[in-house]
Every structure is written in C-alpha cells, then in structure tokens.
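Below is one structure, written out as structure tokens; the observations come after it.
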Amino acid sequence: MAVFPWHSRNRNYKAEFASCRLEAVPLEFGDYHPLKPITVTESKTKKVSRKGSTSSTSSSSSNSMVDPLSSVLDGTDPLSMFAASADPAALAAAMDSSRKKRDKDENSIVGSDFEPWANKRGEILARYTTTEKLSINLFMGAEKGKAGTATSAMSEKVRTRLEELDDFEEGSQKELLNLTQQDYVNRIEELNQSLKDAWASDQKVKALKIVIQCSKLLSDTSVIQFYPSKFVLITDILDTFGKLVYERIFSMCADNRSVLPDHFSPENTNDTAKETCLNWFFKIASIRELIPRFYVEASILKCNKFLSKTGISECLPRLTCMIRGIGDPLVSVYARAYLCRVGMEVAPHLKESLNKNFFDFLLTFKQIHGDTVQNQLVVQGVDLPSYLPLYSPAMDWIFQCISYHAPEVTVPELQCDACLPYCGSPCTMCPEKSPGPLHDSYSNVNTSQPS
C-alpha cells in the first residue's frame, strides 16, 4: 500500500478571522442607539441689546448649537403661534363629533336584529342576587402615579412607573369583608369613577392598577350565585378602560387641522400612536396572573387596529387558547363570553374563533362532575340544579354570537354535536338525526357518561 506524506498547511489565523467578521459600519455621533438614554432638555434663549448676539443656557450641555432663526424670532415659531391661536373648543367639538359618529358606526357593525349586551345587563343583575356577605380587595397603596414635570428625565419617569407596578404586584392591598350586595355594587361603581378620575388627572399607572385589581375579582367564586352579576359589574370597568385607551391613542393620530377618518388603516397611524399602543400591550403582557392579563388585554383588543390589519384576527385565537389555562369551568365560560363580546364589536365576521370557544367549552364542561367543583358546591350549600343555570347568561351570549348571520345549517349542527360527547348519538333536535360535518371533530372524544 502506498504511503503519502502529510504536510501541515501554513495558515494566517488573523487574516481568516478578519475575513469572517461582519462588515463594520461606522456610527456617527448623535445617531440613534437603542441603549442610549433618553433625556429631556430645556433650552432658554434670550435676546440681548447687541444685534445678532444671543446667549443660550441648556440643562444638558453648555455648548449646544444656537438656532439663528430662533434668535431672530426671539424664540417664537410662527407655525406654533398659528396653532396656539386656533380655537381649542372648536377642535375639541370636532373630535367629540367624530367620536360619536365613530361609536355609531361601530355599533352598526351588527344590525338591529342582534340584541346588544346592554339589554341583557339589567336582566342579569336582577336575576342573580344573593343575601350572603361579599368581600372585595382594594388597592390601598400610596398615590405615586403623578404626572412628571417638564424638567424630569424620561428615564426617571419610566423607572418610577415600574416601581409603582412592582409595589402593586408585591401587594399593598386591603380586603373589605362583610359587604352586602348593594355595598358591593356601590364599591365597584366607586372604582369605576376612580378609574375615570385617575385617567383624567394623567395617572395612567393608577388606572391600570384599578383595572388589574378589579379583573382579579373574577377569579373569586366564594359566593357562586352572585358570579354572573359580578361579571357584569367588573366588565363595565373593563369596557371603560378599553374605551379610554382607544380614545387616547386615536387622539394622538389627530392634529390641529384634521382628525383621523372613521375607517382608517394602520398606514394612517403615526409612529407616536403606534409606539404608545405597543407600550400598553407590553405593560399588559407583564401582568403575572392569567385572568387579569387576559381580561385587560381583551378590553383593548380594538387597539390592534392601530398596529396592523391582521392584528385582531391573530389576537383572537391566541386569547381563546389562553382561556384553556383557567381551571374553573364557570370562570372560563364567562371569560369566553367576554371574548366573544369584544370580538363581535370589532370583527363579527370572524366566526372561527366564536366556534372554537364553544367547542372548548364542551370539552371542559365535564369538569363540573370533578371533585374540585363538587367540593366547592358542597361547601357553599349549592346543589347541581341551582348551579347549572349560572352558565345560562354566558352560553346565551355565545350562542347568539355564533348564530348571527350564520348559515342555517350551523345551529342544528352545533346542537347535534353538543350531545355527541355525552350521549354518543345525534341530537333529536337535528331534523335529519344524522351527524353534520362537525361530527368528525368529536370522533376521538370519550362518549361515556360522566360518573
């Protein structure tokens, strides 16, 4: 066998390393950098007796460049003066008129044949009452969420707000016990008004704290007969918060000359509005507990319109999957009802998400026969015939959303498939007594009767 001699190849490792490196791009001083701290500086320019001479003072640098136009105009801008001279009342009236028209158009997304949630609200509150004592958790922390001064640094303001949220998460709360039903309703209404007052005084962090705290109450089923009414009261606060956030971002897209059109696209939204919108979603995503994170994000679902055309269609399936993490079947079905409600307000044509919520409910409904729910009913002295009607308002709303402008075959199929997991045969309400196309989705479901 032939033997070949081996020789090591001379290599220039420095040259090879340099050739594999990414091309360096010079960064000029003053270019934007994501790690560069954001500071707010205040500059004052005053005119002296000698013509063409100015003196400038700055809070960040003593050698800042002086604008010659500012020197000539004595620090005034004719465009700013023109904007300031505009009638603010007329602008506010125009924006208010646009908001009312926009609300009317959005309410007309669904026709008059769709019964609105406001019509069901009073009936639920009147039907689901209790004589037992209720409790409520309130945030009792210090009032730190004040608006920053013009001279404060932006980084300090952000740090302060993060500290406020940390203080809230770590728990500065107080529980009010032995409240009657009317006292409970009054306290929730006070929280709703406190939310509006905090928002009006530019205390956005405090407003977010109130909404998070109220959303946490929806995980409490200690007085289970009152839960449907509690859901109505808490979602009123969530609706208020969602409307305030949407109106704030919408107002950022308007200037002194015009307002955003009613049917706008993300291309009509400026960078400031998009950044603010993303900031809200990022804040909500940092909420640790599942139920408040779900409800608060669902309340501002409409704000996805500012970011992308497909934002809502992408967000609805994700929120639907989030509900699967809620263990209590009663709490989860009302979470599905709220998601269907906000979904119908912005995208009633997205039926797939509505159907998915219904079928997820069917797969989890057998949990009512589990030990957790049964023990809870025993502790509260509630029997199963009194417990099952608590699902009625949520399921009634889900069915209404699914059946609205749906094909005629949809409702019989849903009724038929609703019985398959339990009786293993088509429902007698189906005219042809035969499984529909949705039957295959339950082919692998255990059809035995729950014990």
Side-chain angles (χ1 to χ4, degrees), residues 116-130 132-140 168 173-177 179-199 206-246 284 287-302 319 322-323 326 328-345 390-398:
W117 174 258
N119 294 357
K120 301 178 180 292
R121 180 182 181 278
E123 179 183 353
I124 296 174
L125 291 175
R127 178 180 177 183
Y128 298 95
T129 59
T130 183
E132 298 185 21
K133 297 299 182 180
L134 304 168
S135 62
I136 185 174
N137 291 325
L138 288 178
F139 172 68
M140 305 298 292
F168 171 73
Q173 306 175 33
K174 182 178 180 180
E175 186 175 16
L176 300 180
L177 304 174
L179 296 177
T180 64
Q181 178 179 334
Q182 188 59 43
D183 293 337
Y184 190 93
V185 173
N186 294 338
R187 182 65 64 179
I188 296 298
E189 292 177 352
E190 291 176 5
L191 287 174
N192 199 353
Q193 186 60 42
S194 299
L195 169 63
K196 297 177 182 178
D197 295 341
W199 193 273
K206 180 181 178 182
L208 181 59
K209 291 175 182 178
I210 294 175
V211 177
I212 295 175
Q213 183 69 8
C214 293
S215 301
K216 288 183 177 181
L217 297 176
L218 291 175
S219 61
D220 179 22
T221 56
S222 56
V223 184
I224 203 166
Q225 302 96 326
F226 186 67
Y227 191 84
S229 295
K230 179 195 292 187
F231 171 80
V232 171
L233 297 172
I234 299 301
T235 52
D236 286 345
I237 297 180
L238 291 167
D239 294 341
T240 301
F241 176 75
K243 187 175 181 180
L244 290 173
V245 173
Y246 182 86
I284 294 171
I287 300 175
R288 300 174 186 175
E289 299 184 24
L290 173 61
I291 292 180
R293 184 170 69 250
F294 163 78
Y295 273 103
V296 179
E297 182 176 356
S299 68
I300 66 168
L301 175 68
K302 186 178 177 182
L319 291 175
M322 284 178 61
I323 303 177
I326 301 177
D328 193 307
L330 183 65
V331 177
S332 64
V333 73
Y334 276 93
R336 300 185 194 282
Y338 184 73
L339 183 59
C340 292
R341 180 157 76 87
V342 297
M344 286 293 292
E345 293 176 358
L390 300 177
Y391 290 81
S392 297
M395 292 307 303
D396 177 63
W397 181 261
I398 294 176

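Here Asp183 contributes atom CG and Ile188 contributes atom CD1; the two are 12.0 Å apart, rounded to the nearest 0.5 Å. In this structure, the separation between CG on Leu191 and CD1 on Ile234 is 7.5 Å, given to the nearest 0.5 Å. Distance OG1/Thr221 to CG/Leu330: 7.0 Å, rounded to 0.5 Å. Remark: Ser215 OG to Glu289 CD distance equals 10.0 Å, nearest 0.5 Å. The structure places CD1 of Ile136 at 9.5 Å from CG of Leu233, a figure rounded to the nearest 0.5 Å. Distance check: Leu301 CG to Tyr246 OH gives 11.5 Å after rounding to the nearest 0.5 Å.
By the salt bridge (charged side-chain N to carboxylate O under 4.0 Å, His left out) test, Lys120 is found to be paired with Glu115, Asp396, residues two or more places apart in sequence or in another chain being considered. The side chain to side chain contact (heavy atoms under 4.5 Å, CB included) test applied to Glu190 returns Arg187, not counting sequence neighbours. When the side chain to side chain contact (heavy atoms under 4.5 Å, CB included) test is applied to Ala335, the partners found at least two apart in sequence or on another chain are Phe294, Tyr295, Ile323, Ile326. Glu123 is linked by a side chain to side chain contact (heavy atoms under 4.5 Å, CB included) to nothing, counting only residues two or more places apart in sequence or in another chain. Not counting sequence neighbours, the partners of Thr130 by the side chain to side chain contact (heavy atoms under 4.5 Å, CB included) test are Glu132, Leu134, Gln181, Val223, Phe226.
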Would you sort out whether Glu189 and Asn186 count as a side-chain contact (heavy atoms from CB on, under 4.5 Å), showing the intermediate values?
CA-CA 5 Å; Glu189 292 177 352; Asn186 294 338; 4.1 Å; yes
Run the side-chain contact (heavy atoms from CB on, under 4.5 Å) test on Lys133 and Leu179 for me, step by step, so that the C-alpha distance in whole Å, both residues' side-chain angles and the decisive distance to 0.1 Å come before the verdict.
CA-CA 5 Å; Lys133 297 299 182 180; Leu179 296 177; over 6 Å; no
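For the pairing with Pro292, the side chain to side chain contact (heavy atoms under 4.5 Å, CB included) check across Val211, Leu217, Ile284, Ile212 returns one residue only, Ile212.
Judged as a side chain to side chain donor-acceptor pair (under 3.5 Å), the pairs with a partner in residues 227-242 (not counting sequence neighbours) are, in order, Arg121-Asp236, Asn192-Thr240, Asp239-Tyr338, Asp239-Arg341.
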